[in-house]
Amino acid sequence: MGVRETFGTDVLLTGWGHSPFGKLVDETLESLVVSVAREAIEGAGIEPGQVDEIYLGQFNSGMVPLGFASSLALQVSDDLAGRPATRVENACASGSAAFQQGVKALLAGTARTVLVIGAEKMTHATPDVVGAALVGADYELAGTASRTGFAGIFAEVAKHYEKRHGAVSDTLGLIAAKNHRNGVLNPYAQLRKDLGEEFCQTVSDRNPVVAEPLRRTDCSPVSDGAAAVVLSTAPTPGAAAAPVRLAGFGHANDFLPAAKRDPLEFAGSVAAWQRALAMAGAGLDDLDLAEVHDCFTIAELVLYEVMGLTSRGEGRRAVEEGWVQRGGRLPVNLSGGLKAKGHPVGATGVSQHVLAAMQLSGTAGEMQLPGARRAAVHNMGGLAVANYVSVLESC
């Protein structure tokens with residue numbers, strides 16, 4: 001099984017680019033898009049004119065004035081003039097939404113080479129602007145004032161979890177510490193400091209409560225950044241790294257009103273995982289690593305259970321017993337995840353694919369997991385409303 005066997009077409013990641021994530025005061029949305037697009041095209045060993053279609057993942061929601069950014073990538077080269085370019089938005093899953101649109105263009109036969117970009121510029125905006133933009137992705141809170149975005153929403157998830165399964169504060173601190181430790185090795189990460197378990201588990205002046213029970217170390221930061229990938233139906237001669245194959249993918253949306261969703265079920269994520277793994281003909285034991293959407297540490301905890309790493313209510317075992325650590329049964333977020341790497345909303349899904357591809361092509365530098373052959377990427381928008389999973393493998 002796999003994409004190639006299912007559709008009769010290979011989908012390969014043949015080149016990629018990635019900016020630093022963080023407060024990038026000297027960058028604009030345009031400069032970020034152009035730089036990572038150029039890097040991805042050059043990495044694929046192709047000329048700009050060989051790109052057939054372009055997809056840009058960007059959330060925006062008022063964080064930058066320009067609401068029509070689809071053609072920014074054409075600034076890479078005049079040879080891109082006339083190419084179809086589309087901006088794709090699906091909240092925090094905008095990057096993976098753009099990625100899957102690119103995949104479907106290849107499978108439909110309308111393109112042989114697609115450029116996918118994810119980008120976001122956020123740190124210039126005030127907390128109230130960013131917070132209001134982010135809660136625009138929530139059915140109940142859209143249009144209301146906020147300075148903390150989705151922190152309050154995921155804090156409620158943590159409270160529900162504690163009611164059903166017991167205290168999780170120390171477990172969340174272990175997840176934060178793991179991802180900060182991994183982020184030290186990621187040259188693109190926004191937060192490259194090993195904070196340690198005790199700091200992440202303790203409320204302090206430097207680690208205050210943001211929304212009970214979530215502390216600052218339980219929350220991903222506001223970030224600027226971009227990433228890009230070239231998707232092709234065949235290997236490209238002259239590529240800087242070995243291509244990586246898409247083995248399977250899944251996408252599932254859940255209901256938008258909170259009353260129609262169990263806050264701990266993440267049913268859409270469950271469906272996306274099942275579809276991607278089934279298409280790839282793989283199980284969790286076939287994966288060497290996973291990049292998952294840890295916008296908040298409670299999300300990563302629930303996702304251990306969603307993907308089937310543990311049964312419901314036992315996700316703490318995965319981190320407490322070292323399963324998700326480097327060298328464990330299934331290392332999760334070797335990049336540092338959104339927690340340490342940063343979360344420039346539209347860039348996140350593309351970044352996850354790029355960093356997984358780097359692992360599978362043996363080009364991840366200090367982050368490299370020796371012998372990595374197969375990886376999964378999970379990206380979600382809202383509280384598990386828009387859900388995307390990809391399974392990637394070495395060629």
Side-chain angles (χ1 to χ4, degrees), residues 1-14 16 93 95-109 114 116 229-235 241-253 266-293 300 303-310 318 323-324 328-335 348-364 369 371-380 384 386-395:
M1 292 292 291
V3 170
R4 180 171 51 180
E5 292 76 17
T6 302
F7 298 100
T9 301
D10 226 351
V11 175
L12 302 176
L13 289 69
T14 53
W16 43 81
S96 285
F99 180 88
Q100 285 202 14
Q101 288 304 114
V103 168
K104 291 173 182 177
L106 298 185
L107 298 181
V114 173
V116 178
V229 63
V230 172
L231 302 177
S232 307
T233 56
V244 170
R245 176 173 288 113
L246 177 67
F249 62 92
H251 170 206
N253 269 50
F266 284 34
S269 282
V270 171
W273 271 97
Q274 291 174 343
R275 291 169 187 173
L277 290 171
M279 187 184 295
L284 284 186
D285 288 341
D286 299 309
L287 301 177
D288 296 306
L289 65 129
E291 288 288 323
V292 308
H293 193 99
E300 182 168 327
L303 287 168
Y304 297 157
E305 302 169 10
V306 163
M307 70 173 81
L309 193 57
T310 75
W323 302 359
V324 292
R329 174 183 168 188
L330 180 64
V332 173
N333 288 335
L334 289 174
S335 68
T348 288
V350 182
S351 166
Q352 291 174 310
H353 284 86
V354 167
L355 291 166
M358 291 172 65
Q359 289 282 358
L360 299 178
S361 61
T363 59
L369 182 70
R373 300 287 299 171
R374 187 176 282 155
V377 168
H378 165 272
N379 185 204
M380 67 183 180
N387 307 270
Y388 296 82
V389 174
S390 298
V391 178
L392 307 177
E393 60 185 20
S394 301
C395 291

Pair His293, Thr348: side-chain N/O donor-acceptor within cut-off below 3.5 Å: no
Are any non-hydrogen side-chain atoms of Leu13 and Leu360 less than 4.5 angstrom apart? no
List for me each residue that meets side chain to side chain contact (heavy atoms under 4.5 Å, CB included) alongside Ala364, sequence neighbours excluded, and say none if there are none. Met358, Gln359, Met367, Gln368
Closest contact, heavy atoms only, Thr14 versus Ser232: OG1-OG, 3.0 Å
Heavy-atom nearest pair, Ala278 first then Met1, reads O-CE, 4.0 Å
Of the non-hydrogen atoms in Ala282 and Arg374, which two are nearest, and what is the gap between them? CB-NH1, 3.9 Å
With the side chain counted from C-beta on, respond yes when Gln352 and Val292 share a heavy-atom pair under 4.5 Å apart, and no when they do not. no
If only atom types and distance count, is the side chain of Asp288 paired as donor or acceptor with the main-chain N or O of Ala375 below 3.5 Å? no
Pairwise side-chain hydrogen bond (donor to acceptor under 3.5 Å, both in side chains) hits with a residue in residues 95-108, at least two apart: Ser96-Asn379
Evaluate side chain to side chain contact (heavy atoms under 4.5 Å, CB included) for His353 paired with Val244, printing each intermediate quantity in order. CA-CA 10 Å; His353 284 86; Val244 170; over 6 Å; no
Going by heavy atoms in the side chains, are Val306 and His378 under 4.5 Å from each other? no
Side chain to side chain contact (heavy atoms under 4.5 Å, CB included) partners of Val103, counting only residues at least two apart: Val11, Phe99, Leu107, Leu231, Leu246, Phe249
dist Leu284:CG -> Asp286:CG (nearest 0.5 Å) comes out at 8.5 Å
For residues Val116 and Gly102, report the shortest heavy-atom separation together with the two atoms involved. CG2-CA, 4.3 Å
Judged by atom type as modelled, is there a donor-acceptor pair below 3.5 Å linking the side chain of Glu291 to the main-chain atoms of Leu355? no
Of Leu12, Val3, Asp10, Val114, which is the lone residue that meets side chain to side chain contact (heavy atoms under 4.5 Å, CB included) with Leu106? Val114
Below 4.5 Å, heavy atoms only, C-beta onward: do Val389 and Met307 meet side chain to side chain? no
State, yes or no, whether a side-chain contact exists between Met279 and Val391 at a heavy-atom distance under 4.5 Å. no
Nearest 0.5 Å please: distance from the CD atom of Glu305 over to the CZ atom of Phe266. 9.5 Å
Any idea which heavy atoms bring Gly268 and Ala252 closest together, and the distance? O-CB, 3.4 Å
Identify the two heavy atoms, one from Cys395 and one from Pro243, that lie closest to each other, and give their separation to 0.1 Å. SG-O, 3.4 Å
Checking side chain to side chain contact (heavy atoms under 4.5 Å, CB included) for the pair Val270/Asn387: CA distance, chi angles, key distance, verdict? CA-CA 9 Å; Val270 171; Asn387 307 270; over 6 Å; no
